[in-house]
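Quantities reported herein were computed from a predicted structural model and do not represent experimental measurements.
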Amino acid sequence: MACMKLGSKTDAFQRKGQAWFCTTGLPSDIVVEVGEMTFHLHKFPLLSRSGVMEKRIAEASEGEDGCVIELNDIPGGAKTFELVAKFCYGVKLELTAGNAVYLRCAAEHLDMTEEYGEGNLISQTEIFLNQVVLRSWKDSLKALQTCDDVLPYAEELRITKRCIDSLAVKACTDPNLFGWPVMEHVGPLQSPGGSILWNGISTGARPKHSSSDWWYEDASTLSLPLYKRLISAMESQGVKQDIVAGSLSYYAKKYLPGLNRRQTSSESTNRLAPVGLGSSLSEEDQKLLLEEVDNLLPMQKGLVPTKFLFGLLKTALILRASPSCISNLEKRIGMQLDQATLEDLLMPNFSYSMETLYNVDCVQRILEHFLAMDQGTGGESPCSIDDEQLIGSPSLTPITMVAKLIDGYLAEVAPDVNLKLPKFQTLAASVPEYARPLDDGLYRAIDIYLKSHPWLGESDREQLCRLMDCQKLSLEACTHAAQNERLPLRIIVQVLFFEQLQLRTSIAGCFLVSENLDEGSRQLRSGTVGPNEGGWATAVRENQVLKVGMDSMRVRVSELEKECSTMRQEIEKLGKSKGSSTWGNVSKKFGFKMKSQMCSAQEGSVSNQNKINSKAIKDDKAKENYRKH
């Protein structure tokens, strides 16, 4: 730390308990009381340097102990007045970044101008501040820290602003342009043909690496009001928003203990992770700090990790921060919800009512913010795209990821017996239909909810199952749903119907591939295909694999037809017992014509069998011709 020596005399002061005595040999004729400390001094050295002391001495009355003056309002207290007294006596003292602000304010308070002596304390401290302190990052920071104790005087003399502006300029400038002491923050030095001299002058040494976050730790030592002003000054100087956001994140992690409880191992080993929590703050101070960090944080996507924002939100809910602060944090998370994880969403409910285990309402609001932003940035509607474009479109990737995330969250909160059906339905229905390429995740969440809420009526179960589209279930999900006793009968029938349609479509696709293979084999026999473009053995093997696949599909279709026939008989029995009409009315109730579909499926299976037999004969003939050739 830089310093400047004032005075030339040896120290002539001696302390005895709570009193200071001047040991010049002359008896003291004035007593100055500063707090609990008393100074036994002489009038002439004081009044020759200070206008205030001259006036107070003239006004003071002589008592038994001589002239007594009280200076309880001097900036810096007794320790600073000790230095002022030494300066008046011409005793050696050192001006440093740690005492320069106190001495400058005390000199102004005591009116120690050039009128009372050349090179007085005001001019000496001003020279030191401007030429030494403000040119160094470390000294400017130290001087700014001391401004907290004498803030009214420092503000009046613009010392605080000068220190903040000095730090802001240095923070937004390339640290490679500075010498000591800024360079000590950017890592060790490498010296290709250069060296660092004893006085700090560089002869060619350069830092191994420098980064824009070298000042984070130093700035975090400031009090919140000064830190806020420093950040504002840096923004006005053009510091990038991501750098400002990184500093705010560092500051918050240092003083908010809740942000460090869920810290991962990778984060804890980061060199930017705060070493300690600093001085512990009360809950009220923590709430104030969190709200200020929210106000200072730029409203822009991706500036800080989503996990950090969730940490702020959880802390805000615990500390019961203002509604505006909680709303802002929810909006920030909604802007980058696609970067969140399921663990982030599982926020415990900290309300007094404790209706649910997790805060589902908060997740609902975050999702609404994300959907509003997605629509505002030109999110596609389900009417403007088809299924193939839906799955492969890169612009829909974020909302697809969010849909998968919400489905996973629904599956986690579904076992909560206190979770009401309307709240579950609202969250599930908030995700647009086009955001889910498959409804397997939603089906899993619904199944868990039905299992955990067995008291739901049939109408509630049907209403809940209407959230999923049976046509968007995979074959595995259809197989599970068809055997799921918790699902309503109507939903099971629909699942079986659409599973049959999927199998028929798959069989039709297999026949199309088989016809292409037949066409290729004919080209091979006719000589239009070269020997290097494919072999007959490969075509035969692929054909055999297709035959096995079609046989298994045909068996599955037959099983489905038997199941549908059994269900038809049971429903007819129920209809007869209630006096209702036959299967036709039931089929109308379910919204499709099962009988015609089953017939068409049977006709399709017969025609498929004929095609397979004729194809096998063709393959045998082709193989015989190939051997002869």
Nearest 0.5 Å, what's the CZ-OG distance between Arg486 and Ser452? 9.0 Å

CD/Glu283: more than 12 non-hydrogen atoms of other groups inside 6.0 Å: no

When you check the gap from the basic side-chain N to the acidic O, do Asp440 and Lys472 get nearer than 4.0 Å? no

Given the options Ser232, Ser220, Ser247, Tyr227 meets side-chain hydrogen bond (donor to acceptor under 3.5 Å, both in side chains) only with Ser247

Below 4.5 Å, heavy atoms only, C-beta onward: do Gln339 and Leu405 meet side chain to side chain? no

Test salt bridge (charged side-chain N to carboxylate O under 4.0 Å, His left out) on Asp294 and Arg332; report intermediate values, then the result. CA-CA 10 Å; Asp294 172 65; Arg332 296 180 193 277; 3.2 Å; yes

Is a donor on one side and an acceptor on the other found under 3.5 Å between the side chain of Tyr216 and the backbone of Ile243? yes

Any side-chain heavy atom of Ile406 sitting closer than 4.5 Å to one from Val402? yes

Name the orientation class of the two ring planes belonging to His453 and Tyr449 (parallel below 30°, tilted from 30 to 60°, perpendicular beyond 60°). parallel

Here the gap from Lys228 atom NZ to Leu222 atom CG, rounded to the nearest 0.5 Å, amounts to 13.5 Å

What closest approach, in Å, do Asp338 and Phe370 show between heavy atoms, and which atom pair accounts for it? OD1-CE1, 4.1 Å

Within the 4.5 Å heavy-atom criterion, are Leu309 and Leu297 side-chain neighbours or not? yes

How close do Met347 and Asp344 get, counting heavy atoms only, and between which atoms? CG-O, 3.6 Å

Is there a donor-acceptor pair under 3.5 Å between the side chain of Gln336 and the backbone N or O of Gly302? yes

Measure from the side-chain N and O atoms of Asn359 to the backbone N and O of Cys362, and report whether any donor-acceptor pair falls under 3.5 Å. yes

Say whether, by atom type as modelled, one donor and one acceptor occur between the side chain of Thr566 and the main chain of Lys562 under 3.5 angstrom. yes

Could you tell me whether a side-chain N or O of Gln286 sits under 3.5 Å from a main-chain N or O of Leu281, the two making a donor and an acceptor? yes

Separation of Leu442 CG from Glu433 CD (nearest 0.5 Å): 10.5 Å

Taking all non-hydrogen atoms of both residues, which atom of Asn418 and which atom of Thr356 are closest, and how far apart? O-CG2, 3.9 Å

If you look at every heavy atom in Ala411 and Ala445, which pair is closest and at what distance? N-CB, 3.7 Å

Using side-chain heavy atoms (C-beta onward) and a distance below 4.5 Å, is Tyr409 in contact with Val360? yes

Could you measure the distance from the OH atom of Tyr251 to the CG atom of Leu289? Nearest 0.5 Å is fine. 6.0 Å

When you measure from the side chain of Asp439 to the backbone N and O of Leu473, does any donor-acceptor pair fall under 3.5 Å? no

Could you walk me through whether Arg436 and Asp407 pass the salt bridge (charged side-chain N to carboxylate O under 4.0 Å, His left out) check? CA-CA 10 Å; Arg436 292 187 177 103; Asp407 289 346; 2.9 Å; yes

So which atom in Trp214 and which in Ala171 form the shortest heavy-atom distance, rounded to 0.1 Å? CZ2-CA, 4.2 Å

Any heavy-atom pair between the side chains of Val431 and Leu367 that's under 4.5 Å? yes

Can you name the one residue among Leu296, Val239, Leu303 that meets side-chain contact (heavy atoms from CB on, under 4.5 Å) with Val244? Val239

Side chain to side chain contact (heavy atoms under 4.5 Å, CB included) between His480 and Tyr443, worked out: CA-CA 10 Å; His480 184 276; Tyr443 165 68; 2.6 Å; yes

Might you work through the side chain to side chain contact (heavy atoms under 4.5 Å, CB included) test for Leu319 and Phe350, ending with a clear yes or no? CA-CA 10 Å; Leu319 297 176; Phe350 299 108; over 6 Å; no

Kindly indicate whether the side chain of Leu371, heavy atoms from C-beta on, has any atom under 4.5 Å from the side chain of Pro432. yes

Determine whether Leu313 and Ile326 make a side-chain contact, defined as any pair of heavy atoms from C-beta on separated by less than 4.5 Å. yes

Evaluate the side chain to side chain contact (heavy atoms under 4.5 Å, CB included) criterion for residues Ser322 and Glu291: first the C-alpha distance (whole Å), next the side-chain angles of each, then the deciding distance (0.1 Å), finally the verdict. CA-CA 8 Å; Ser322 63; Glu291 292 174 352; 3.5 Å; yes

Measure the OG1-CG distance between Thr315 and Leu312 for me, rounded to the nearest 0.5 Å. 6.5 Å

For a side chain to side chain contact (heavy atoms under 4.5 Å, CB included) check, start with the C-alpha distance between Leu421 and Leu464, then their side-chain angles and the critical distance, and finish with the verdict. CA-CA 8 Å; Leu421 179 60; Leu464 178 61; 3.8 Å; yes

Between CG on residue Leu496 and OG1 on residue Thr479, distance to nearest 0.5 Å: 9.5 Å

Below 4.5 Å, heavy atoms only, C-beta onward: do Pro398 and Asp374 meet side chain to side chain? no

Please check if the number of heavy atoms outside Arg229 that lie under 6.0 Å from its CZ is greater than 12. yes

Go through the steps for Glu368 and Ser430 under the test side-chain hydrogen bond (donor to acceptor under 3.5 Å, both in side chains), then give the verdict. CA-CA 8 Å; Glu368 291 173 356; Ser430 298; 5.3 Å; no

Heavy atoms only: give me the nearest Cys478-Cys470 pair and the separation to one decimal. SG-O, 4.5 Å

Taking atom NZ as the centre, does Lys451 end up with more than 12 heavy-atom neighbours from other residues, nucleotides or ligands that are less than 6.0 angstrom away? no

Other residues, nucleotides and ligands only: do more than 12 of their heavy atoms fall within 6.0 Å of NZ on Lys287? yes

